[in-house]
Amino acid sequence: MRLSQYFMPIMRDMPKEAEIISHQLMLRAGLVRQSSSGIYSWLPAGHRVLRKISEIVREEQDRAGAIEMLMPTIQSADLWIESGRYDDYGKEMLRITDRHGRDMLYGPTNEELITQIFRDGVSSYRDLPRNLYHIQWKFRDEVRPRFGVMRGREFLMKDAYSFDLSVEDARRAYYRMFTAYLRTFARMGLRSIPMAADTGPIGGKLSHEFIILADTGESEVFCHADLLEMDTPDIETDFDGDLEQVFNAWTAKYAATEEMHDAARFEKEVPETKRISARGIEVGHIFNFGQKYSEAMNCRVQGPDGKLITLEMGSYGIGVSRLLGAIIEASHDENGIIWPLSVAPFHVGLVNLKSGDSVTDTACEALYADLTSSGIEVLYDDSDNRAGAKFAAMDLIGLPYQVVVGPRGLQDGNVEIRTRAGGEQQTMDIAAAKTYLNEKIRDGLTVQ
RNA sequence: CGGGGUAUAGCUCAGCCUGGUAGAGCACCGGCUUUGGGAGCCGGGGGUCGAAAGUUCGAAUCUUUCUGCCCCGACCA
């Protein structure tokens, strides 16, 4: 993509409505624009990141055996009356009346709808287990939206729903999602820590929040430092196998959010030097809620003995749009965003230091064409801004690699390659630069 | 929903106290000079001053009401 033909309005000044760093940087880097409180438009670069995050989520859900579908944003109130949550949900649910006077709502979540769809589509134990998910916009009319996309009213969420015949099967379904979540966040360069969680209004028994440590996190969290060093389940993980060990290993050490925190237990179980008391961002939340909805909504199948079995269910959410904020909170410096390669809007920023100079233009065009044709996503700054302005903009938008092409280096046939994360700079000839970038990016994108 | 702020150009802000018909920096357009970490000079475009009502000869400025947005708290992916 040529910057001269793109739409990425960068702001030099700090927008006053933004308080926390991720929100400031998202606005300044031209990723989002606020439409109204807690509601955002996703500009082209922000949309690219959103898509990449969604794709990682999708790949890991699929790997764990979940099946993608898509449910609507607008739902009928009837279903919610059936489950008993129409009144419980309160003002956070945006209620709408259609032209016929029917009560509708903008879905804050989808347990009711999926339960109805599933129960109507399945009648035998042979159809179980199943886990269905979608990635769809949700609306929760938060009392106080804040921190940009971290707590928006409209937000993109992946929600999966598992259906099983027995409590044991349901636990296995839970372990699969648990494991998939560890992998999902790790692929975005995040260290997530599963923490025992309160089950909240969704109800149920077993529940974990996946927390990213960050100073601007909304909740206070406590955990064992070893959790920051644990190995993430790798690509060889067998999701058809027994994942209980993964679950046990990750839940053996103390980790709890404020609501579940037990100070006495924390001090007893965690040596003083290993105690982490910090703030965290919740990027995922998984629940096993047994028969709460299947009972209320009559979701049953016939077993081998002809008797009806009420299904065991779980739901598994990931805040996809929130993850942009979380990643930036976890990865930035005073100059701007530092995108992990896997979710960066582009892999490489190509900086032409002297647009209009035929030598640099020619070199840049050739490099742009070569890199692009080898599958690398390049944002080519072909504008005629000054060098300093281009560097500042590149650092702000935070692409993982910068290739700086200028007349000085080209005299010796060289370009400069900079790594946004570490700040390393190396000079090499153009052929070497191509090889270097191809290798680095291919390796960096290989799923471990 | 309680408390506190704030609203003037795309962004950051000044002007308001003491009413006289709107400014700066950045960004943008044109020109010249410049060109390796947010250049300089010259010229230019752009604002129903959040909305409504009131006071007044005259309101960005004073009064009242409303609204948006932000922060703290309670609540939540």
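Fair warning: this is a prediction, and the values are worked out from it, not measured in the lab. First the proteins, then the strands, lettered A, B, ... as listed; each starts at 1. Only this structure's heavy atoms are used, side chains among them; waters, hydrogens and symmetry mates stay out.
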Nearest-angstrom distance, [atom1] atom, [N] to [M]:
N	M	atom1	answer
B/U8	B/A24	C1'	12 Å
B/C75	B/C28	C1'	44 Å
B/U35	B/C71	P	45 Å
B/G50	B/G43	P	30 Å
B/A22	B/C29	P	27 Å
B/U63	B/U55	P	15 Å
B/U18	B/G25	P	30 Å
B/A7	B/A60	C1'	11 Å

Atom pair distance, as rounded to whole Å: [atom1] in [X] and [atom2] in [N]:
X	N	atom1	atom2	answer
A/E218	B/A74	CD	P	12 Å
A/E111	B/A77	CD	C1'	12 Å
A/E19	B/G73	CD	P	12 Å
A/D88	B/C75	CG	P	17 Å
A/M14	B/C70	CE	P	17 Å
A/E17	B/C71	CD	C1'	13 Å
A/Q34	B/C11	CD	P	12 Å
A/R153	B/C75	CZ	P	20 Å

Residues within residues 44-65 of chain A bordering RNA chain B, heavy-atom distance below 4.0 Å: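 Within this stretch, nothing sits under 4.0 Å of the strand.
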On the nucleotide B/C1, are OP1 or OP2 found under 4.0 Å from the side-chain N or O atoms that A/R144 carries? no
Please determine whether a side-chain nitrogen or oxygen atom of A/T109 lies at a distance below 4.0 Å from atom OP1 or OP2 of B/A77. no
Quick one: do A/R279 and A/E218 make a salt bridge, cutoff under 4.0 Å?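 Salt bridge absent between A/R279 and A/E218.
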Would you call A/E59-A/R183 a salt bridge at under 4.0 Å N-O? no
Picking from B/C70, B/A74, B/U12, which would you name as closest to the side chain of A/S37? B/C70
B/A74, B/A77, B/U12: which one has an atom nearest the side-chain heavy atoms of A/V143?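 Of the options given, the side chain of A/V143 lies nearest B/A74.
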When all nucleic acid strands are considered with a 4.0 Å heavy-atom cut-off, which category describes [X]: base, sugar-phosphate, or nothing?
X	value
A/E142	base
A/G148	nothing
A/K91	sugar-phosphate
A/F147	sugar-phosphate

So, for A/F178 and A/H208, is the gap between ring centers shorter than 6.0 Å? yes
Please find out if less than 6.0 Å separates the ring center of A/H261 from that of A/F266.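 When the ring centroids of A/H261 and A/F266 are compared, they turn out to be within the sub-6.0 Å range.
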Go through the side-chain N and O atoms of [X] and [Y] and say whether any donor and acceptor fall under 3.5 Å apart.
X	Y	answer
A/Y293	A/R85	yes
A/D381	A/N352	no
A/E112	A/Q75	no
A/D382	A/S4	yes

On RNA chain B, more 5' by nearest nucleotide between A/S36 and A/V149 is A/S36
Between A/P145 and A/E209, which is nearer to the 5' end of RNA chain B once each is assigned its nearest nucleotide? A/P145
Partner nucleotide of [N] by Watson-Crick or wobble geometry (both distances under 3.5 Å):
N	value
B/C17	none
B/G10	B/C26
B/G73	B/C1
B/G47	none
B/A39	B/U33

Counting only heavy atoms not in A/D215, do more than 12 fall under 6.0 Å of its CG?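 Count not over threshold, so no.
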Counting primed atoms, P, OP1 and OP2 as sugar-phosphate and everything else as base, the B/S/- map of nucleotides 23-39 of chain B against protein heavy atoms under 4.0 Å is --BS-------BSBBBB
Close side-chain approach of A/R420 and A/W339, heavy atoms under 4.5 Å: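 They are not in contact (no side-chain heavy atoms under 4.5 Å apart), so the answer is no.
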How about A/R2 and A/Y368: do any of their side-chain heavy atoms sit closer than 4.5 Å?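 Counting from C-beta outward, A/R2 and A/Y368 do come under 4.5 Å.
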Salt bridge (charged side-chain N to carboxylate O under 4.0 Å, His left out) between A/R58 and A/E60: does it pass, once the steps are laid out? CA-CA 5 Å; A/R58 183 174 284 122; A/E60 294 303 325; over 6 Å; no
